[in-house]
Amino acid sequence: MSPTLPEQELIRRETLTEIREAGIDPYPAELIPVTGFTADILRLFDDDPGRYQSVRLAGRLMLKRSMGKASFAELMDARGRIQLYLKKDELGEAYDPLFSKWLDLGDFIGVEGYVFRTKMGEITVHVREIRLLSKSLKVLPVVKTDAEGKVHDAFTDPELRYRMRYVDLLVNPGIRDIFLKRSKLLSALRRHFSEKGWLEVETPILQSIHGGAAARPFMTHHNTLDIPLYLRIANELYLKRLIVGGFDGVYEIGKMFRNEGMDRTHNPEFTMMEIYVAYKDYYWMMEMVEELLETLALAVHGQTDIPYGEHLLQFKGPYRRLSMHDAIKEYTGVDVSAMDEAALRQQCKVWHIETDNFMGPGKLIDEIFSVKVEQHLIQPTYIIDHPLEMTPLAKKHRTKAGCVERFELFVCGKEIANAYSELNDPLDQRERFVEQLKLAARGDEEAMALDEDFLRALEYGMPPTSGLGIGIDRLVMLMTNQVSIQEVLFFPQMKPEKTS
RNA sequence: GACUCCGUAGCUCAGUCGGUAGAGCAAUACACUUUUAAUGUAUGGGCCCUGGGUUCGAGUCCCAGCGGAGUCACCA
C-alpha cells in the first residue's frame, strides 16, 4: 500500500480493518436473494401498496442524509435509485456503527424492509435489515440532482469519464440511457432482419488481403504461418462469397479497424452492419433502408421524428433522392456532369479545393461534393449514381454512362449508409481492380488491392445482389443526440495512461 | 501529423500585478427520529501534470515533454 494515498482512501482502508475486526466479512461470497428492482417498486407501488410489505434489494449506497438517530439514504441498483429510511432504535448495531460509521458512498449493500410513502411523498423503503455486500475503497464523485432536475457537480472531465467509464456510468445521469438505446437499436435490427429470413454470419477479422474498402489497415503477424495479417477494414468481399455460396441474405454486425485519424466521428475500431441480399438492386435497397430506419427509430424512441441538436430528423420514408451531379448543381449552381478532368481541376481551383495529382475526374467530383454539398444534407437524403472510378465494387449504371448504381445516405451532413447494386460481372470486376492498381501507381494510398480468390468466386457466379453498409456508431449518435462518437462507445480509444 | 485552448484537494471549479493555497460537494467529529442539492458548528485534506529556465521569490512568466478537448488534414 502506498503511503501517498489520499486521506479519504486511507480512512476507508482503516474502516475496512475495523469492519473485519468486528467479525464482518466485507466481501461475503454468497447468493444475494432480491425480490425485485428499485424501478419496479417506484413504478408499481401505487397500484398495490400491500404487495410491498417485504422487499429485498441490493445495490450501491449512493447518498446518506443522517439526522442522528434516523437517516435517509439512496440505494442504486441496475434499474434506478430508491430512497431508504433507517432508524437506530430498530436496527441497533446495524445502524450504529455499521450504517452511520462504516458504510461509505459506493459500498454495495443488501436491505430488507417495507415500502411506504414519506410525508414529502417519496416512495421509500423502511429498512429492517441492512448488511454490507462489498466495500468500496475509492471515492465516487458525488453528483446531485435538485428538484428542478438540474444536475450539480457532474463528473465532466472527458478524459476521466472515458478512462473510467465505470465511474461515468455510475454517477452521471443519462449515460446509461445512451448505451441502453444502442442495445435496443441493435436488437431491433437483428429482429427486423431475422423476420425477413436473413442470416446473421461472422467472417474473418484477420485477413491476409485487406479488401472491400479504401483505408489504411492495422497490421499484425501470425507466428505459426509466419505471414502478415491485417485487421479487416471491411468484410464486403467475404459476405459476397457467401452469396456466391448460395445464401440469399446475409448480414454481419461487427468491428472494423482503420488506421486513420481520430476525431469526434472517427474511432480506430468502429461497428459496421453490412448486409447482402440476392436478386435485389439498389432501388430496392433504398426502400429497405427507409423501412429499417423507421423500425429502429420506433424501437429506440417510439416515434420516427427524432430531435438532433437544433434539428428534428424525420426518418419516415421515402427520403429524397438526388444524383451526385444534381446535388452539386443544386448547391453550387454549376453543372459538372460534362466536365473533363482538366475542367474539373480548373473548377476546384476557383473554389479553392485542394487536389492531388492522382485524382481522376470521379475523385475530383467526390471532393467537390464533400466540400460543397455534404454539410447541407440534414434530413435523410440519398445521394445516388456516383462516378465509376470511385467505386470499384459497384455495378455500372444501367443507363447513365460513367456512373455506378450506388447510393449513400446522408443525415446531418454525415454519411450513414452506403449501398450498391453489387458488381457481379467477374471480367468487369477484374478490370476495375486493375484500374485501382493504376491509381495506386499514381500515388493513391487508398486504392483497393486485388483479391484473386474473390474474383474466382465471382467467376463461379454471383446472382444479382444489392449490398448495404451502415455505420452503427454514427446511427446511434443520431438516435441519441450525441455529437461525439466517444459518447456512444463504452471505451473509446485513448492514449495509454502514464504508469509513472 | 499541424494549430488553438485546457491540466490546482476524491469531484466541480476560483486563484487579481509574480509575494504564506481557496470555495462548494465529498471526508472526519459533534448536534439533529420523515429528510431529499437536508441543515448547523468545528476540523483535516495539495507532487498546483512532469522537467528545465527567468527571478530575491513561480500555481502565475518562458521553453520542452506528457495527457485531454476543439479545429484542420486523412477517413466512415
Side-chain angles (χ1 to χ4, degrees), chain A residues 4-12 14-15 62-74 81 83-91 95 100-101 104-106 116-122 124 126 136-164 167-168 171-172 213-217 233-234 256-272 354 356 370 374 408-410 414-418 445-446 469-475 477 483-486 492 494-500:
Chain A
T4 60
L5 280 179
E7 183 193 33
Q8 293 191 54
E9 293 185 30
L10 287 173
I11 291 170
R12 288 199 178 197
E14 285 164 18
T15 303
M62 293 301 280
L63 208 64
K64 283 167 92 172
R65 285 188 287 270
S66 169
M67 294 166 301
K69 295 180 181 64
S71 291
F72 289 91
E74 274 184 28
R81 291 183 180 216
Q83 182 170 259
L84 307 178
Y85 181 57
L86 306 93
K87 291 168 80 169
K88 181 175 179 175
D89 56 12
E90 295 172 0
L91 291 168
Y95 186 90
S100 65
K101 284 197 165 56
D104 291 303
L105 302 189
F116 75 110
R117 213 179 250 284
T118 65
K119 279 205 292 216
M120 300 302 288
E122 179 151 354
T124 300
H126 189 122
S136 165
L137 297 180
K138 285 276 192 190
V139 184
L140 286 171
V142 177
V143 180
K144 295 185 178 179
T145 308
D146 66 19
E148 286 92 54
K150 203 173 154 207
V151 176
H152 298 261
D153 299 318
F155 177 53
T156 51
D157 185 319
E159 178 172 5
L160 296 179
R161 286 184 51 229
Y162 301 148
R163 287 195 195 283
M164 300 191 289
V167 174
D168 186 36
V171 304
N172 284 331
R216 281 143 67 198
I233 58 174
M256 303 298 156
F257 307 85
R258 297 189 183 175
N259 207 339
E260 310 279 358
M262 293 160 60
D263 61 28
R264 62 185 211 290
T265 53
H266 297 85
N267 196 64
E269 58 181 282
F270 63 101
T271 302
M272 283 278 289
E354 281 185 39
D356 281 314
S370 55
E374 257 182 38
E408 290 178 291
L409 176 65
F410 284 87
K414 292 285 174 192
E415 183 194 341
I416 297 301
N418 183 26
E445 287 181 21
E446 302 161 8
I470 294 182
I472 294 295
D473 309 294
R474 289 183 176 182
L475 185 59
M477 286 166 66
V483 295
S484 166
I485 196 171
Q486 297 172 108
M494 306 283 280
K495 284 200 187 180
E497 272 181 275
K498 266 188 297 187
T499 48
S500 76

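Fair warning: this is a prediction, and the values are worked out from it, not measured in the lab. Values below: all heavy atoms of this structure, side chains included; hydrogens, waters and symmetry mates excluded. Proteins come first, then strands; the chains are lettered A, B, ... in the order of their sequence lines, and each starts at number 1.
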Phosphate OP1/OP2 of B:A38: any A:K144 side-chain N/O under 4.0 Å: yes

Touch class at under 4.0 angstrom, heavy-atom based, for A:R264 against every strand present: sugar-phosphate

Selection from B:A29, B:A27, B:A76 that lies nearest to any side-chain heavy atom of A:K101: B:A29

A:E90: side chain to side chain contact (heavy atoms under 4.5 Å, CB included) partners, not counting sequence neighbours: A:K87, A:H126

A:D157 CG to B:G70 P, straight-line distance once rounded to whole Å: 12 Å

Touch class at under 4.0 angstrom, heavy-atom based, for A:G261 against every strand present: base

Closest listed nucleotide, where the reference is the side chain of A:V139 and the choices are B:G10, B:G68, B:A37: B:G10

Sugar-phosphate only, base, or nothing, as touched by A:E415 at under 4.0 Å among non-hydrogen atoms: sugar-phosphate

Sugar-phosphate, base or nothing in reach of A:T265, heavy atoms under 4.0 Å: base

Distance, P atom - from B:A58 to B:G53, rounded to whole angstrom: 12 Å

Residue A:V142, side-chain heavy atoms: nucleotide from B:A26, B:U12, B:U35 that is nearest: B:A26

Any strand: nucleotide that pairs with B:U4 via Watson-Crick or wobble, under 3.5 Å: B:A69

Nucleotide opposite B:C61 in a Watson-Crick or G-U pair, distances under 3.5 Å: B:G53

Among B:A69, B:U34, B:A26, the nucleotide that comes nearest once only the side chain of A:F116 is considered: B:U34

Sugar-phosphate, base or nothing in reach of A:M272, heavy atoms under 4.0 Å: nothing

Sugar-phosphate, base or nothing in reach of A:K495, heavy atoms under 4.0 Å: sugar-phosphate

Sugar-phosphate only, base, or nothing, as touched by A:E148 at under 4.0 Å among non-hydrogen atoms: nothing

Pairing partner (Watson-Crick or G-U wobble, both distances under 3.5 angstrom) of B:C17: none

Nearest-angstrom distance, C1' atom, B:A27 to B:U34: 26 Å

Close side-chain approach of A:L84 to A:T124, heavy-atom, < 4.5 Å: no

A:F155 side chain, from C-beta outward: closest of B:C11, B:U71, B:A69: B:C11

Sugar-phosphate, base or nothing in reach of A:R163, heavy atoms under 4.0 Å: sugar-phosphate

Sugar-phosphate only, base, or nothing, as touched by A:L160 at under 4.0 Å among non-hydrogen atoms: sugar-phosphate

Spacing between A:M67 atom CE and B:U34 atom C1', to the nearest angstrom: 6 Å

Sidechain-backbone polar pair: A:T145 side chain, A:G149 backbone, donor-acceptor under 3.5 Å: no

Rounded interatomic separation in angstrom, taking CD from A:E74 and P from B:A38: 8 Å

Closest-nucleotide 5' rank along RNA chain B - winner of A:T124 and A:K64: A:K64

Base B:C74 paired with A:D263 side chain (donor-acceptor, <3.5 Å): yes

Side chain A:T118 and base B:U35 donor-acceptor under 3.5 Å: yes

Under the side chain to side chain contact (heavy atoms under 4.5 Å, CB included) test, residues paired with A:N259 that sit two or more places apart: A:R216, A:F218

Contact under 4.0 Å: A:Q486 side-chain N or O vs B:A69 OP1/OP2: yes

Pairwise 5' ranking along RNA chain B for A:M262 and A:P141, keeping only the more 5' one: A:P141

Sugar-phosphate only, base, or nothing, as touched by A:D168 at under 4.0 Å among non-hydrogen atoms: nothing

Watson-Crick or G-U counterpart of B:A27, or none if no pair lies under 3.5 Å: B:U43

Listed nucleotide nearest any side-chain atom of A:E7, set B:G45, B:U28, B:U34: B:G45

Heavy-atom closest contact (A:Y95 atom, A:G68 atom, distance): OH-O, 2.8 Å

Side chain to side chain, A:L140 and A:L105, heavy atoms closer than 4.5 Å: no

Nucleotide forming a Watson-Crick or wobble pair with B:U35, both distances under 3.5 Å: none

Whole angstrom value for the distance that separates C1' of B:U36 from CZ of A:R81: 12 Å

Closest listed nucleotide, where the reference is the side chain of A:S66 and the choices are B:C32, B:A37, B:A76: B:C32

Nearest to side-chain heavy atoms of A:D104, which nucleotide of B:G68, B:U28, B:A76: B:U28

B:A23 and B:A2, which share atom name C1', separated by this distance in whole Å: 39 Å

Interatomic distance, A:R216 CZ vs B:A73 P [rounded to whole Å]: 15 Å

Euclidean distance for P, B:C25 against B:A21 (whole angstrom): 23 Å

For atom CG of A:L63 and atom P of B:U36, their distance in whole Å: 12 Å

Point-to-point distance, once rounded to the nearest 0.5 Å, from NZ of A:K64 to CG of A:L86: 9.5 Å

Pair of N/O donor and acceptor under 3.5 Å linking B:U33 base with A:D89 side chain: yes

Nearest-Å distance once atom C1' is located in both B:U55 and B:G68: 31 Å

B:C5 versus B:C48 - spacing of their P atoms, nearest Å: 24 Å

Sugar-phosphate, base or nothing in reach of A:N259, heavy atoms under 4.0 Å: nothing

Residue A:F72, side-chain atoms from C-beta onward, closest of B:A69, B:U35, B:U33: B:U35

Rounded distance in Å - CG (A:D153) to C1' (B:U12): 5 Å

Any A:T15 side-chain N or O less than 4.0 Å from OP1/OP2 of B:U28: no

Non-hydrogen side-chain atoms of A:L137 and A:E9 separated by less than 4.5 Å: no

Touch class at under 4.0 angstrom, heavy-atom based, for A:Q83 against every strand present: base

C1' atoms of B:G46 and B:G40, separation to the nearest Å: 28 Å

C1'-based separation of B:U39 from B:U35 [nearest Å]: 10 Å

Donor-acceptor pair, side chain of A:R65 and main chain of A:A73, under 3.5 angstrom: no

Selected nucleotide, minimal atom distance to A:R258 side chain, candidates B:A76, B:U12, B:C74: B:A76

Length of the NE2-P vector between A:H152 and B:A26, whole Å: 13 Å

Short side-chain N/O contact from A:R65 to OP1 or OP2 of B:U35, under 4.0 Å: no

A:F72 side chain reached by A:T118 side chain, heavy atoms, under 4.5 Å: yes

